[in-house]
Amino acid sequence: MLIARVIGELVSSQKHPSHEGRKALIVQPLQLDGSDRGDALVALDAVDAGVGDRVLLVTEGYSAMTAVGRPESPIDMAVIGVIDRLDFALDGGAVDNTVGAGGGPADAGLALPLEALGGRGKELLLPSVAVKKKAARKKEANE
Amino acid sequence: MYLGRVAGNVWCTAQSKGLTGQRLLIVQPLTPELKPTGKQQIVTDCTGAGPGELVYWTRGKEATFPFLPSEVPTETTIVGIVDHLHVRRP
């Protein structure tokens, strides 16, 4: 599965019958940092995604056909989810909660602002870090 | 699926039985901005596309499904002719 951005729609009247009644979207696969990853692709829509959405993309036949609900049809890519938010750790250390959101100001609303968590955002996002910090604080208090 | 432009035809006299009656086309993959990208492919066709047309094609086992129940030994097939593209990059 890939993370991708819907960048357009494709209109086709002469096509395989199994593609009828489903939107064909043009999707640009993305890196975690929001930059483009290879060329844009055509995928059928299984979740009613639209232009501008950041989505989950499958690029294998069986999963794509299953998601679209058309078995044994020539479908090899499908949009199977709309991504609300991404959390991930870079180099096993700091959590970067803004980069994965697409990197654009238009996406700022998608990411959970760390400030909103009173500066505890990183702890809340990575439980293991939170536990370690709590242990460190306890140790400090004891000393 | 991938975007492409039909660039030509291929004819084979000696060919696998499964390919009998199949039209073979050359497709140049394109970006949504219609710039060529990657290598040209030989594809089968289930839509009646011809040279010069903008199409989208599929790859893998799925490429054989339009021809069921006959089993065509293909790995790339044109599955749609593109009328319009609306592309708006962020």
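In what follows, chains are A, B, ... by sequence order, proteins preceding strands, each numbered from 1.
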Answer yes if A:Leu2 and B:Met1 sit in the same cluster of Ile, Leu, Val, Met, Phe, Trp and Tyr residues linked by side chain heavy atoms under 4.5 Å apart, and no otherwise. no
Chain B heavy atoms under 4.5 Å from A:Leu10: which part of the residue, side chain, backbone, both or neither? both
Hey, mind stepping through B:Val82 and A:Val11 against side-chain contact (heavy atoms from CB on, under 4.5 Å) and telling me if it holds? CA-CA 6 Å; B:Val82 178; A:Val11 183; over 6 Å; no
Among A:Ile7, A:Val51, A:Leu44, A:Ile26, residue most engaged with chain B (heavy-atom pairs, under 4.5 Å): A:Ile7
Which bit of B:Leu68 is near chain A, if near means a heavy-atom gap under 4.5 Å: side chain, backbone, both or neither? side chain
Is A:Leu25 reachable from A:Leu57 through a run of hydrophobic residues whose side-chain heavy atoms are each under 4.5 Å from the next? yes
Between A:Leu41 and A:Leu30, is there shared hydrophobic-cluster membership here, with clusters defined by ILVMFWY side-chain heavy atoms closer than 4.5 Å? no
Hydrophobic cluster membership, with links at side-chain heavy-atom distances under 4.5 Å among I/L/V/M/F/W/Y: are A:Val42 and B:Val79 in one? yes
When you group the ILVMFWY residues by side-chain heavy-atom contacts below 4.5 Å and let the links chain together, are B:Ile42 and B:Leu30 in the same group? no
Step through the atoms of chain B and chain A and list each donor-acceptor pair whose separation is under 3.5 Å.
{"from": "B:Met1", "atom 1": "N", "to": "A:Val42", "atom 2": "O", "distance (Å)": "2.8"}
{"from": "B:Met1", "atom 1": "N", "to": "A:Asp76", "atom 2": "OD1", "distance (Å)": "2.8"}
{"from": "B:Met1", "atom 1": "O", "to": "A:Val42", "atom 2": "N", "distance (Å)": "2.8"}
{"from": "B:Thr37", "atom 1": "OG1", "to": "A:Asp39", "atom 2": "OD2", "distance (Å)": "2.4"}
{"from": "B:Thr47", "atom 1": "O", "to": "A:Gln14", "atom 2": "NE2", "distance (Å)": "3.3"}
{"from": "B:Tyr56", "atom 1": "OH", "to": "A:His19", "atom 2": "ND1", "distance (Å)": "3.0"}
{"from": "B:Thr58", "atom 1": "OG1", "to": "A:Asp76", "atom 2": "OD1", "distance (Å)": "3.4"}
{"from": "B:Thr58", "atom 1": "OG1", "to": "A:Asp76", "atom 2": "OD2", "distance (Å)": "2.9"}
{"from": "B:Arg59", "atom 1": "N", "to": "A:Asp76", "atom 2": "OD2", "distance (Å)": "3.0"}
{"from": "B:Val79", "atom 1": "O", "to": "A:His16", "atom 2": "N", "distance (Å)": "2.9"}
{"from": "B:Ile81", "atom 1": "N", "to": "A:Gln14", "atom 2": "O", "distance (Å)": "2.8"}
{"from": "B:Ile81", "atom 1": "O", "to": "A:Ser12", "atom 2": "OG", "distance (Å)": "2.7"}
{"from": "B:Asp83", "atom 1": "N", "to": "A:Val11", "atom 2": "O", "distance (Å)": "2.7"}
{"from": "B:Asp83", "atom 1": "OD1", "to": "A:Ser13", "atom 2": "OG", "distance (Å)": "3.4"}
{"from": "B:Asp83", "atom 1": "OD2", "to": "A:Ser13", "atom 2": "N", "distance (Å)": "2.8"}
{"from": "B:Asp83", "atom 1": "OD2", "to": "A:Ser13", "atom 2": "OG", "distance (Å)": "2.6"}
{"from": "B:His84", "atom 1": "N", "to": "A:Val11", "atom 2": "O", "distance (Å)": "3.1"}
{"from": "B:His84", "atom 1": "O", "to": "A:Val11", "atom 2": "N", "distance (Å)": "2.8"}
{"from": "B:His86", "atom 1": "N", "to": "A:Glu9", "atom 2": "O", "distance (Å)": "2.9"}
{"from": "B:His86", "atom 1": "O", "to": "A:Glu9", "atom 2": "N", "distance (Å)": "2.8"}
{"from": "B:Arg88", "atom 1": "N", "to": "A:Ile7", "atom 2": "O", "distance (Å)": "2.6"}
{"from": "B:Arg89", "atom 1": "NH1", "to": "A:Gln28", "atom 2": "OE1", "distance (Å)": "3.2"}
{"from": "B:Arg89", "atom 1": "NH2", "to": "A:Gln28", "atom 2": "OE1", "distance (Å)": "3.4"}

